[in-house]
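What follows is a single structure, written as structure tokens, with notes after it.
Worth knowing before you read on, the calculation uses all heavy atoms, side chains too, and leaves out hydrogens, waters and symmetry mates. Just so you know, these numbers come straight off a predicted model, no measurement behind them. Remember, it's 1-based here, ligands and their atoms both numbered in the order they're listed.
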Amino acid sequence: MSNVATYQLLDGKQCSEAVRADIASQAAVVTAQRGRAPHLAAVLVGNDGASRTYVESKVRACQSVGFRSSLIELPTSTTEAELLDLISSLNRDPELDGFIVQLPLPKHISEEKVTLAIDPRKDVDGFHPESLGRMVLGLPGFLPATPAGIVELLRHYGISTAGKHCVVIGRSNIVGTPMSLLMSRNTEPGNCTVTLAHSRTKDLPAITRQADILIVAIGKPEFVTADMVKDGAVVVDVGIHRITDTTKKSGFRLVGDVHFDDVAAKCSWISPVPGGVGPMTITSLLLNTLKAAERP
Ligand code: NAD
């Protein structure tokens, strides 16, 4: 008998379109009530090509839902003090609901100092310790954009999570660690038994093979292969990498942390790259900005 693939796609583009339609109608209400549209600013320091692409798509997404957006571009030579001054003025700007400082920053600027300098009321990336603390305690606040987008994607496709074993690979502050916490919360999606795997984990494949839900945020192209995945698993791929491909006009193609072609046939659901977690991250940023604008 031939092995017919039966997996379904966790389509972040389609899910984003549905959520963004709701955001646009709520934004219209907020705009009418306050006499101005929700306003997000993005700060980009330096010339990193990938960062520029991400920031520009965030700005475009704002326009698509009726938000105002501002892109503040600074040269690589910007000092830490200059950036902190800018953050202080953005914190005080009454016309601005939220802002992000695109990471990574040039080496001479401390990401920690920058993150701490952002007013938690405008922290729409959800990276400030106050936002993370609120998430841990289940208090209202801004959830980190990528993990929150993944939760929304699971909710949209009706993936049942309660009592499931969720394995998260990667323990970064912005993806893996908050992801593991969100999946273990007493909410739906949530209520998973969570294993957080990282670079010191022993026999990773033996652990990932136990996952009903496998969320991969490791930052290594096509790292997860079929032998690491249980039959019928739900696989969410956070990674995004450009790899050389001479058959493409651009000279590259995008791949995730999961070897999609190898793994997909074993999955019940799998998110593609591109078009999976990426659009959901931007949608979460829009949701956080709307939340900031709705604050009394
Ligand atoms: P990171 O480099 O900060 O963290 C990677 C984690 O993987 C680390 O915690 C490390 O312990 C773990 N790791 C490394 N090697 C390992 C191994 N051999 N076995 C097990 N664990 C190992 O990365 P990040 O910021 O969390 O991002 C992960 C990936 O997701 C990157 O490809 C990044 O570009 C991508 N990303 C995508 C989005 C999106 O919106 N799609 C958002 C953020 C990050």
Which residue supplies the protein heavy atom nearest to [atom], what is that atom called, and how far is it?
{"atom": "atom 23 (O) of ligand 1", "value": "Ser172 CB, 4.3 Å"}
{"atom": "atom 44 (C) of ligand 1", "value": "Val175 CG2, 4.0 Å"}
{"atom": "atom 17 (C) of ligand 1", "value": "Ile218 CD1, 3.5 Å"}
{"atom": "atom 15 (N) of ligand 1", "value": "Lys220 CE, 3.2 Å"}
{"atom": "atom 8 (C) of ligand 1", "value": "Arg171 N, 3.9 Å"}
{"atom": "atom 33 (C) of ligand 1", "value": "Ile240 N, 4.5 Å"}
{"atom": "atom 21 (N) of ligand 1", "value": "His198 C, 3.0 Å"}

Could you tell me which atoms of ligand 1, counted from 1 in the order shown, lie closer than 4.0 angstrom to a heavy atom of [X]?
{"X": "Ile169", "result": "20 (C), 21 (N)"}
{"X": "Thr281", "result": "39 (C), 40 (O)"}
{"X": "Val238", "result": "30 (O), 35 (C), 36 (N), 37 (C), 38 (C), 41 (N)"}
{"X": "Gly170", "result": "6 (C), 7 (O), 9 (O), 12 (C)"}
{"X": "His241", "result": "32 (O)"}
{"X": "Gly278", "result": "40 (O), 41 (N)"}

Handout entry: Closest to atom 28 (C) of ligand 1 among Ala217, Gly256, Ser284 (heavy-atom distance)
Key = Ala217
Fill in the blank from the handout: Out of Ala197, Gly219, Ser199, the nearest non-hydrogen contact to atom 22 (C) of ligand 1 is supplied by Ser199
Taking only non-hydrogen atoms of [X], do any sit less than 4.0 angstrom from ligand 1?
{"X": "Arg200", "answer": "no"}
{"X": "Thr146", "answer": "yes"}
{"X": "Gly176", "answer": "no"}

Side chains of [X] and [Y] in contact at under 4.5 Å (non-hydrogen atoms):
{"X": "Leu103", "Y": "Phe127", "value": "yes"}
{"X": "Leu286", "Y": "Leu290", "value": "no"}
{"X": "Ile159", "Y": "Leu10", "value": "yes"}
{"X": "Glu152", "Y": "Thr283", "value": "no"}

Sidechain-backbone polar pair: [X] side chain, [Y] backbone, donor-acceptor under 3.5 Å:
{"X": "Arg134", "Y": "Pro140", "value": "yes"}
{"X": "Asp237", "Y": "Val258", "value": "yes"}
{"X": "Asp97", "Y": "Thr289", "value": "no"}
{"X": "Lys291", "Y": "Phe142", "value": "no"}

Handout entry: Gap separating the CD1 atom of Ile72 from the OG atom of Ser89, nearest 0.5 angstrom
Key = 7.5 Å
Practice task
Might you check, step by step, whether the distance between atom 2 (O) of ligand 1 and some protein heavy atom is under 4.0 Å?
Solution key: no
Practice task
Pick one of side chain, backbone, both or neither for how Met280 approaches ligand 1, counting any non-hydrogen atom pair under 4.0 Å.
Solution key: neither
Fill in the blank from the handout: Tightest non-hydrogen contact, residues Val229 and Lys266, listed as O-NZ, 2.7 Å
Practice task
Report yes or no: do Val235 and Met228 belong to one cluster of Ile/Leu/Val/Met/Phe/Trp/Tyr joined by side chain heavy-atom distances under 4.5 Å?
Solution key: yes
Handout entry: SB check Lys58 Asp125 (cutoff 4.0 Å)
Key = no
